[in-house]
Amino acid sequence: MMARLAAILLAVAALFAAPALAVMPDERLADPAMEERARVISKDLRCMVCQNQSIDDSDAPLAKDLRVIVRERLMAGDSNREVIDFVVARYGEFVLLRPRMNLNTVALWASPLVLVLGGIALIAIRRRRAESLATIATGLTPEEEAQLAEVLRQTQPKS
Amino acid sequence: MTVEIGHFALVLALIVALVQTVAPLIGARRNDAALMAAGNPLAMTQFFLVAVSFGALCAAYMASDFSVRNVWENSHTLKPMLYKFTGVWGNHEGSMLLWVLILAIFGASVPAFGRHLPSRLKANVIAVQGSISVAFLTFIIFTSNPFLRLNPAPFEGRDLNPILQDVGLAIHPPLLYLGYVGFSITFAFAVAALIEGRVDSAWARWVRPWALAAWLFLTLGISMGSYWAYYELGWGGWWFWDPVENASLMPWLSGTALLHSAIVVEKRNALKVWTILLAIITFSLSLLGTFLVRSGVLTSVHTFATDPARGMFILMILMVFIGGSLTLFAARANAVTGGGLFAPVSREGALVFNNLFLSAACATVFVGTLYPLFHEALTGAKISVGPPFFNLTVLPLCLPLLLAIPFGPFLTWKRADLAGVAQRLMWVAGLALVAAIASAAMFDFRAALSAVAIGLGVWLMAGAIAELLYRARFEWSAPADGLRRLFNLPRAQWGAMLGHLGVGVMVLGIAGHGWRTEVIEEISIGETVKVAAYELRLERVEQEQGPNYVQDVAVFSAARNGVQVEELRPAKRIYPARQMPTTEAGIETRLFSQLYVSVGEVRDGGRTIVARLYHKPFITLIWIGTLIMALGGAVSLADRRLRIGVPKAARARGSVEGAAA
C-alpha cells in the first residue's frame with residue numbers, strides 16, 4: 001500500500017521537475033531522455049563525503065565519479081532500479097537519500113500515517129470521556145435529555 | 001583585563017542564577033512575599049552580568065586579542081569590523097554565550113513586563129527560567145569557556161570560516177536564538193502552572209504574547225537562514241532538509257500549534273492539558289535542536305566542532321529538563337480539569353484539526369531526522385534519510401492543513417455551520433480555480449503540480465482577505481461603514497489574517513519551482529547563453545583583491561528581448577587564511593523572479609568558466625510570505641488585549657470584543 005502510494009507521489013513529484021541539462025557540461029549524455037533519467041537518479045543518491053548533499057548538487061570529486069558511473073550504467077542499458085542496485089552494492093544503503101522500504105524502515109515510512117490515525121483515535125477517546133463526564137455532571141440519562149429537549153421545544157414560542 | 005572581568009561576570013551570573021532558581025521557588029511554597037519578590041532583582045542582575053560577559057568577549061574580538069584562545073581560533077586582523085563582531089557567535093563557545101545572553105534577556109523581561117502577573121505565578125516562572133540559565137552557564141563555564149587564555153599570544157588569528165563571513169551571520173543566528181530561547185518562557189509558564197495545578201484563561205492570556213514573540217522571531221530566523229543558504233551555498237536551493245534545518249523547523253511547527261491551541265484556552269477554557277504539553281514539547285525541541293547542532297551527532301553545515309564531552313553534557317541537560325517536565329506533567333496534568341465542550345465542526349474543532357496535522361508533521365520530521373541514529377544503534381548499519389523522504393511525507397501532511405486554513409476563522413465557537421461557510425468561500429474557490437488554470441496555460445502544462453500550488457496559494461490569500469471583509473460586514477452595509485469597521489477590528493484579527501495571507505504568498509513562491517529554468521554550461525568570454533526569456537553574455541572575468549580574500553568575478557550582461565537589464569557579478573573567492581573557496585552568487589531580482597548565476601570553475605586562465613544559470617520565477621515570494629507571516633505575529637502582539645499590564649477598563653472592553661469575535 002505504502003509502496004504504491006509512494007510510487008504515485010513520486011510520479012506527481014516528477015511533474016514538478018522541469019527538464020534540465022547535465023550537472024557539468026562535459027558529463028552530459030547526448031540523449032536528453034537518458035540524461036533526464038540520470039538526473040532523477042542522482043537526486044536520490046548521497047554524496048558520501050559531503051555533509052548533506054545529493055551527488056546532483058555536489059562539486060566534490062567523489063560525487064562526480066558517481067555521476068559518471070550512473071551515466072555509464074544507463075548507457076550500458078541498465079534500468080533505473082539496476083543502476084541504483086549497482087551503486088548500493090558498492091557503497092551500501094547509506095548512499096540512498098530515500099531509504100528503501102524493508103523491515104527496518106517500515107516504522108519510518110509508516111510514521112506519518114500512524115501519527116495522524118493515532119492522533120485521531122486519541123482525540124476521539126478524549127472526546128468520549130469528556131462527553132461521559134459531562135453527562136455525569138448534568139446527571140441526566142439520554143432518555144431524560146430527550147424528554148428535556150421535547151419540553152423545551154414545546155415551550156418555545158412559535159416564530 | 002576586560003577578558004577577566006567577562007570571565008568573572010560569567011561565574012557570578014551562574015551563582016546568581018542558582019539563587020534565582022531556589023529563592024522564589026521556596027517563596028512560592030511558603031507563601032513568603034519577600035522571597036518571591038527576590039526573583040525580580042535576581043533575574044535583572046543575572047541579565048546584567050551575562051551582558052557584561054558578552055560585552056567583554058565582543059571587545060576581545062574587536063581588538064583582535066589573540067591571547068584569548070577563542071579569538072585566535074576564529075578571527076583575523078584583516079577581517080572587516082562587522083565580521084570581527086559577528087564572529088563572536090560564529091563559533092561554538094561564542095554562540096552558546098549568545099544563547100545564554102538571550103535567555104537572560106527573556107528572563108529579565110518577565111519582571112520588566114510582567115508587573116501585573118500574580119506574584120506566585122511570576123515567582124515560579126522566574127525560578128524555572130533561572131534553572132535553565134544554571135544548566136547552560138555551567139555548560140559554558142566547564143566545557144565551552146570562551147575566555148581561556150593562550151600564552152604566548154600568537155601573532156595572527158586563524159580566521160573565521162569564510163562561509164560565515166557574511167551579513168547573514170549578523171542576522172540569522174540572533175533571530176533564530178530569540179525564537180528558540182523565547183519558547184523557554186512559555187515552557188516556564190507551563191511548568192509553573194503544573195506546580196500550581198492551575199490553568200485558566202488568564203494564564204493563556206499571559207502566555208500568548210510570549211509564544212507570539214518567540215514564534216515571530218523563529219519565523220524570521222528560519223526565513224533569513226533559508227535566504228542566506230540560497231545565495232551563499234551556491235546551488236540555488238532554499239531548503240535542504242538538513243538535520244539542523246529540521247531542528248529549527250520542529251519547534252516552529254509545534255510553536256505554531258501552541259499559538260493556535262492557546263487561543264482555545266483563552267477563549268473557551270478548553271484544551272488546557274494539551275496546551276501545557278505543547279509548551280513543554282516546543283521548548284524541548286528547541287533544546288534538542290541545540291543538542292543536535294552542538295554535539296555533532298548529525299553531520300551538517302552548522303556543526304562547528306564535534307566534541308563528545310559537550311554532546312554528553314547537553315544530553316544530560318536535555319534529559320533533566322525534558323524528563324523532569326514530562327514527569328511533572330504526568331503527575332499533575334490530572335489536576336487541570338477540562339473546559340467547555342464543542343461539536344467537531346466548530347472553531348475549536350478547526351483548531352484541533354490544525355494541531356493534529358501540525359503535530360503529525362512535526363513528529364514526522366522528528367522521526368525522519370533521528371531515524372538514522374536509531375537505525376544504526378539497533379542494526380549497526382548506516383542509512384540516510386534525505387530530502388526525498390521529507391518531500392514525500394511532510395508535504396502531503398501539510399496539504400489538508402493548507403486546504404482547511406480559510407475555513408477555520410469563519411467557523412463559530414462551539415458549533416458551526418460548515419455548509420454556510422462553504423457558501424461564503426465559493427468565490428474564493430472559484431478564484432483559486434481560475435488562477436490555477438490560467439497559470440498552467442500561461443507557463444507550462446507539464447508542471448501540473450505548480451499550477452495546483454498556485455491555486456492553493458490564491459485560495460489561502462483570498463480566503464484570508466474574505467474573512468476580514470466578512471467580519472467588517474461589507475455585504476450588508478455601505479462601503480464607508482464597512483471600511484470603518486474594517487479598521488476597528490481587533491489587531492489580533494488583522495494579525496491572523498496576515499499570518500494566513502503570508503502562508504498563501506509563500507505557497508505561490510514555492511509553486512514557481514516547477515517553472516524554473518536551469519542551464520549548466522561552459523561559457524567563454526563573449527559567448528551568450530539563453531536562460532528563460534533572458535540572454536546572458538559573459539563580458540569579462542575580473543580578478544579582484546578583497547580585504548581578506550581574492551576573487552574571480554564573472555561579469556555577465558543580461559538582456560530581455562534586446563533590452564539590457566542590470567549586470568550580474570557572480571564570483572569565486574579564495575580566503576588565503578584558511579585556503580577555503582566560497583561561491584558568491586550573482587543575483588538579479590525582476591519583480592518577484594530572480595536570475596541566479598553561480599560560478600563553478602574558472603578555466604583557461606580566466607577565459608572560460610563553468611556556470612550554473614537559473615531563472616527562478618516567483619522565488620522571492622517565499623521569503624516575502626514568511627515576512628508577512630512574521631508581520632502578522634507583530635500586529636497580533638500589538639493587540640490591546642495582549643498588551644501586558646492592560647488597564648482594567650480596557651481589559652473589560654477587550655473581553656467583550658473577544659466574546660463577539
Side-chain angles (χ1 to χ4, degrees), chain A residues 5-6 9-10 12-28 43-46 48 50-54 56-59 92-100 103-105 107-109 111-120 122-124 126-127 129-131 133-134, chain B residues 234-235 237 240-243 270 274 298-301 303 338 341 344 352 355-357 359-361 363-364 367-368 371-372 374-375 378-379 381-389 391-397 444 446-450 513-522 600-601 610 612:
Chain A
L5 186 67
L9 286 170
L10 185 63
V12 173
L15 286 172
F16 234 128
L21 298 166
V23 167
M24 286 296 260
D26 40 1
E27 293 164 13
R28 195 181 303 155
K43 285 204 174 15
D44 278 0
L45 295 178
R46 181 187 197 118
M48 308 285 283
C50 310
Q51 311 259 256
N52 201 33
Q53 279 178 296
S54 73
D56 196 60
D57 287 329
S58 174
D59 294 328
E93 296 274 332
F94 185 62
V95 80
L96 295 175
L97 285 172
R98 181 208 316 265
R100 281 180 174 164
L103 219 55
N104 288 329
T105 57
L108 174 72
W109 283 105
S111 59
L113 204 63
V114 170
L115 286 163
V116 170
L117 293 179
I120 291 172
L122 207 69
I123 292 166
R126 281 199 71 91
R127 240 192 105 66
R129 200 191 305 158
E131 268 168 3
L133 275 175
Chain B
W235 62 95
F240 307 96
W241 296 107
D242 180 274
W274 170 242
L298 298 169
T299 49
S300 140
V301 274
T303 323
L341 286 176
V352 169
N355 272 230
L356 172 67
F357 280 91
S359 310
T364 303
V367 172
Y371 207 83
F374 293 129
H375 191 276
L378 293 176
T379 68
K382 284 180 90 165
I383 62 161
S384 305
V385 178
F389 170 81
N391 287 335
L392 284 173
T393 53
V394 178
L395 297 188
L397 280 177
D444 186 350
R446 279 171 303 174
L449 211 62
S450 282
H513 185 74
W515 298 308
R516 81 194 184 288
T517 313
E518 182 194 50
V519 180
I520 298 163
E521 202 70 78
E522 193 178 53
E601 263 177 63
V610 177
R612 301 183 187 203

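Hydrogens, waters and symmetry mates are skipped; everything else that's a heavy atom, side chains included, is used. To find a chain, count down the sequence lines: A is the first, B the second, and so on, and within it residues start at 1.
- Across all non-hydrogen atoms, the minimal contact from A/P112 to B/L397 is CB-CD1, 4.0 Å.
- Within the model, atoms CG of B/L356 and CD1 of A/I123 stand 4.5 Å from one another, a figure rounded to the nearest 0.5 Å.
- Of all heavy-atom pairs between B/L392 and A/R98, the closest is CD1-NH1, 3.0 Å.
- In terms of heavy-atom proximity, B/V367 sits nearest to A/S111 at CG1-OG, 3.9 Å.
- For the pair A/E93 and B/H375, the minimum side-chain heavy-atom distance is 4.5 Å or more.
- Interface remark: A/L122 contributes no atoms to any contact with chain B (heavy atom separation under 4.5 Å).
- At a 4.5 Å heavy-atom cutoff, B/A381 makes no contact with chain A through either its backbone or its side chain.
- Checking each of B/I383, B/L378, B/T379 against A/N104 for a side-chain contact (heavy atoms from CB on, under 4.5 Å) leaves exactly one that passes, namely B/T379.
- Contacts of A/R127 with chain B are made by side-chain atoms alone, with heavy-atom separations under 4.5 Å and no backbone atom involved.
- Contact count versus chain B (heavy atoms, under 4.5 Å) is highest, among A/I120, A/L115, A/V114, for A/L115.
- Although no hydrogens or angles enter the test, the distance criterion places no donor-acceptor pair under 3.5 Å between the side chain of A/R46 and the main chain of B/G386.
- Rounded to the nearest 0.5 Å, atoms NZ (B/K382) and CE (A/M48) are 8.0 Å apart.
- Here the shortest heavy-atom pairing between A/L97 and B/P388 reads CB-CD, 3.8 Å.
- B/W274 does not touch chain A: none of its heavy atoms, backbone or side chain, sits under 4.5 Å away.
- Taking CG of A/L113 as the reference point, atom OG1 of B/T393 lies at 11.5 Å (rounded to 0.5 Å).
- Residue B/F374: no heavy atom, backbone or side chain, is found under 4.5 Å from chain A.
- Between the side chain of B/S384 and the main chain of A/V95, no donor-acceptor pair closer than 3.5 Å is present.
- Partner B/F389 forms a side-chain contact (heavy atoms from CB on, under 4.5 Å) with one of A/D44, A/T105, A/L108 and no other, that one being A/L108.
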Practice prompt. Would you please test B/F357 and A/V116 for side-chain contact (heavy atoms from CB on, under 4.5 Å) and show each step?
Written response: CA-CA 7 Å; B/F357 280 91; A/V116 170; 4.2 Å; yes

